[in-house]
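Step one of this worksheet: look at the structure below.
Being a predicted model, the structure only gives us computed values, none of them experimental. Each chain gets a letter, A, B and so on, in the order its sequence line appears, and its residues count up from 1.
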Protein chains: 2
Amino acid sequence: MWLRASSREERGGPPLSRRRIVEEAVALLDAEGADRLTMRRLAERLGTGSTTLYWHVKTKDDVLDLALDAIFAAVPIPEDQEWRAGVTRLIGDWRATLLRHPWSAALLGRPMLGPNVLARSDFLYAALIGAGVAEPHLTAAAFGLSNFVIGSALMQATWLVNADAETRDAARDHMDHQRDRYPALAAHGPLTATDDWDESFERGLNWLLDGVEATIATG
Amino acid sequence: MWLRASSREERGGPPLSRRRIVEEAVALLDAEGADRLTMRRLAERLGTGSTTLYWHVKTKDDVLDLALDAIFAAVPIPEDQEWRAGVTRLIGDWRATLLRHPWSAALLGRPMLGPNVLARSDFLYAALIGAGVAEPHLTAAAFGLSNFVIGSALMQATWLVNADAETRDAARDHMDHQRDRYPALAAHGPLTATDDWDESFERGLNWLLDGVEATIATG
DNA sequence: CCTCCACCGGATCGTTGTTCGAGTAACCGG
DNA sequence: CCGGTTACTCGAACAACGATCCGGTGGAGG
């Protein structure tokens with residue numbers, strides 16, 4: 001009796017569930033990064049055996065897909081009346097969430113079909129339609145805005161979060177030593193400490209929104 | 001003598017070199033995708049033992065970094081006089097190369113410091129500077145254009161190349177069954193067969209370029 | 001002929017995702 | 001109260017991976 005398998009309390013809290021697995025996966029990813037996420041390590045944090053996870057989840061990729069969608073729950077769906085304010089807020093929060101979980105940038109190359117992502121994409125389309133954006137501008141606008149925020153977050157996460165200071169310094173030295181080969185890049189490129197990611201993002205976003213807005217009147 | 005280790009001809013052509021390894025890695029990635037690239041399989045295609053590769057290359061990540069940079073050799077550095085034509089051509093060829101090697105999209109999350117990438121980034125900065133774009137618009141323009149093409153290629157590679165038809169159909173069904181939950185998305189979103197990736201890309205790119213151009217006169 | 005050194009690869013280690021099958025606890029109709 | 005079904009757990013094991021160790025091998029130079 002007393003030698004039997006550990007009770008629930010000893011294993012740490014509530015029973016295992018897909019929900020708990022995803023929660024802990026996000027926490028693990030936030031704390032240690034993408035390459036440290038292992039089914040065994042994840043199970044250990046949950047106080048269970050590693051193979052137990054496969055009852056609730058089909059593969060590790062499922063865990064990643066679920067974790068990726070889960071973080072977008074933190075992106076509020078705007079309620080602004082003015083379309084541009086709403087879209088700006090959505091894209092900004094979208095980017096902030098991606099940067100708050102830098103491991104997510106590396107996962108953007110997989111189909112995002114979770115409910116949180118779909119709901120926010122639906123808002124984007126609805127906001128643009130409501131603003132009077134029609135095809136073929138509509139698809140271009142939705143794609144352009146999504147792709148812009150994805151690319152921005154991916155690039156920034158790569159350099160400012162995922163890359164350690166050692167890598168950044170090495171990159172700086174690497175460019176300094178080849179200053180004559182890449183003159184414009186060395187003088188004005190990134191890593192020159194004069195760049196402001198947030199401001200650059202906002203400018204680019206406004207260029208896109210200006211272009212979208214210009215298509216409304218003219219059709 | 002005749003029973004000794006295989007001669008060079010039997011092992012397949014020229015001696016091993018970092019150059020040949022990268023060439024074969026790109027060929028393997030093109031043919032079978034990113035998850036099928038293995039040091040053992042790569043060595044097999046080269047007619048050598050797997051551990052031999054580690055003499056020419058430090059880790060597998062090095063192979064990926066080298067392969068990623070290698071494909072950008074196919075992006076010509078434009079010689080247009082007009083800055084906008086040159087930038088448009090560069091970004092377009094950049095995108096075409098990423099889509100021709102769909103595995104590259106998943107690797108965009110790692111620092112790109114290879115000579116081919118740096119040379120083309122340098123051209124982008126030089127073209128913008130030559131056009132009269134000054135800070136803070138310069139960084140925003142270079143970032144915006146790069147991030148836009150990266151995001152676009154990543155998204156398109158995800159859906160049209162990496163995802164098999166089965167996944168695409170499943171996604172379509174998934175959205176059809178939830179048409180009431182995501183009305184705008186189901187009616188106008190991607191995968192509705194009315195979307196034209198190339199045209200959408202061009203429109204978004206022109207919105208960005210219009211915005212950049214507008215900053216030249218006003219400063 | 002000998003020595004050195006760039007280059008090669010078999011054996012091996014530790015780790016990973018995933019499967020198999022034997023378990024156990026809780027519930028349910030009788 | 002009981003027999004059996006269902007939901008869930010997990011140790012052992014497998015195949016494949018990236019990487020290292022260390023003993024080779026062959027050609028160039030003295």
Side-chain angles (χ1 to χ4, degrees), chain A residues 1-25 28-29 31-68 103 106-107 109-110, chain B residues 1-25 28-29 31-68 103 106-107 109-110:
Chain A
M1 181 354 178
W2 303 109
L3 300 177
R4 254 193 300 229
S6 58
S7 70
R8 228 144 228 179
E9 285 73 24
E10 287 163 355
R11 279 215 323 272
L16 203 51
S17 67
R18 186 183 283 233
R19 181 188 202 81
R20 270 198 71 211
I21 291 177
V22 175
E23 271 177 24
E24 202 63 37
L28 177 54
L29 286 165
E32 309 192 29
D35 46 343
R36 302 287 307 250
L37 175 65
T38 292
M39 295 303 268
R40 288 176 229 266
R41 229 193 300 272
L42 179 56
E44 195 180 0
R45 283 178 69 127
L46 288 164
T48 71
S50 60
T51 64
T52 305
L53 301 178
Y54 286 92
W55 178 261
H56 304 271
V57 152
K58 197 152 185 287
T59 66
K60 182 188 176 183
D61 277 358
D62 280 13
V63 177
L64 293 176
D65 284 333
L66 291 168
L68 183 59
W103 47 269
L107 300 181
R110 63 180 60 224
Chain B
M1 189 332 186
W2 302 109
L3 299 178
R4 256 195 296 233
S6 59
S7 70
R8 227 146 229 179
E9 285 75 21
E10 288 162 355
R11 280 215 324 271
L16 205 51
S17 68
R18 183 182 286 231
R19 182 188 201 83
R20 271 198 70 213
I21 292 177
V22 175
E23 272 177 22
E24 203 63 36
L28 177 55
L29 287 165
E32 309 192 30
D35 45 344
R36 302 287 307 250
L37 175 65
T38 292
M39 294 304 268
R40 290 176 228 262
R41 228 194 299 274
L42 180 56
E44 195 181 0
R45 282 178 69 126
L46 288 164
T48 71
S50 60
T51 63
T52 305
L53 300 178
Y54 287 94
W55 177 261
H56 303 272
V57 153
K58 196 152 186 287
T59 66
K60 182 189 178 185
D61 277 356
D62 280 12
V63 177
L64 292 176
D65 284 333
L66 291 167
L68 183 59
W103 47 268
L107 301 180
R110 62 180 59 224

Which nucleotide in the set [options] lies at the smallest distance from any side-chain heavy atom of [X]?
X       : options                : answer
B/Thr52 : D/dT20, C/dC8, C/dT18  : C/dC8
A/Lys60 : C/dT19, C/dT16, C/dG17 : C/dG17
B/Met39 : C/dG9, C/dG17, D/dG18  : D/dG18
B/His56 : C/dT16, C/dC8, D/dA19  : C/dC8
A/Arg40 : C/dT18, D/dT9, D/dT20  : C/dT18
B/Thr51 : C/dG17, D/dT20, D/dT9  : D/dT20

Practice task
Kindly say if B/Arg41 contacts the phosphate of D/dC17, meaning a side-chain N or O under 4.0 Å from OP1 or OP2.
Solution key: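 For D/dC17, OP1 or OP2 has a side-chain N or O of B/Arg41 closer than 4.0 Å.
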Problem - From B/His56 atom NE2 to B/Leu46 atom CG, the distance as rounded to the nearest 0.5 Å - result: 9.5 Å
Exercise for the section: Report the distance from atom CG of B/Leu64 to atom CG of B/Asp61, rounding to the nearest 0.5 Å. Expected result: 6.0 Å
Between [atom2] of [N] and [atom1] of [X], the distance in whole Å:
X       : N      : atom1 : atom2 : value
A/Trp55 : D/dC10 : CH2   : P     : 14 Å
B/Leu37 : D/dA19 : CG    : C1'   : 15 Å
A/Leu53 : D/dC8  : CG    : C1'   : 12 Å
B/Tyr54 : D/dC17 : OH    : P     : 11 Å
A/Leu46 : D/dC8  : CG    : P     : 15 Å
B/Asp35 : C/dT16 : CG    : C1'   : 15 Å
B/Glu44 : C/dG10 : CD    : P     : 12 Å
B/Arg36 : D/dG18 : CZ    : P     : 12 Å

Problem - Heavy-atom check, side chain of A/Leu53 versus side chain of A/Val63, under 4.5 Å - result: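 No, every pair of side-chain atoms sits at 4.5 Å or beyond.
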Can I get a per-line list of side-chain donor-acceptor pairs under 3.5 Å for residues 32-42 of chain A, giving both atom names and the distance, sequence neighbours left out?
| unit_1 | atom_1 | unit_2 | atom_2 | d |
| --- | --- | --- | --- | --- |
| A/Glu32 | OE1 | A/Arg36 | NH2 | 3.4 |
| A/Arg41 | NE | A/Arg36 | O | 2.9 |

Problem - Nearest heavy-atom neighbours spanning A/Thr59 and A/Val57 - result: O-CG1, 2.9 Å
Exercise for the section: Look at all strands and tell whether A/Thr59 reaches a base, only sugar-phosphate, or nothing, counting heavy atoms closer than 4.0 Å. Expected result: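 It contacts sugar-phosphate atoms only.
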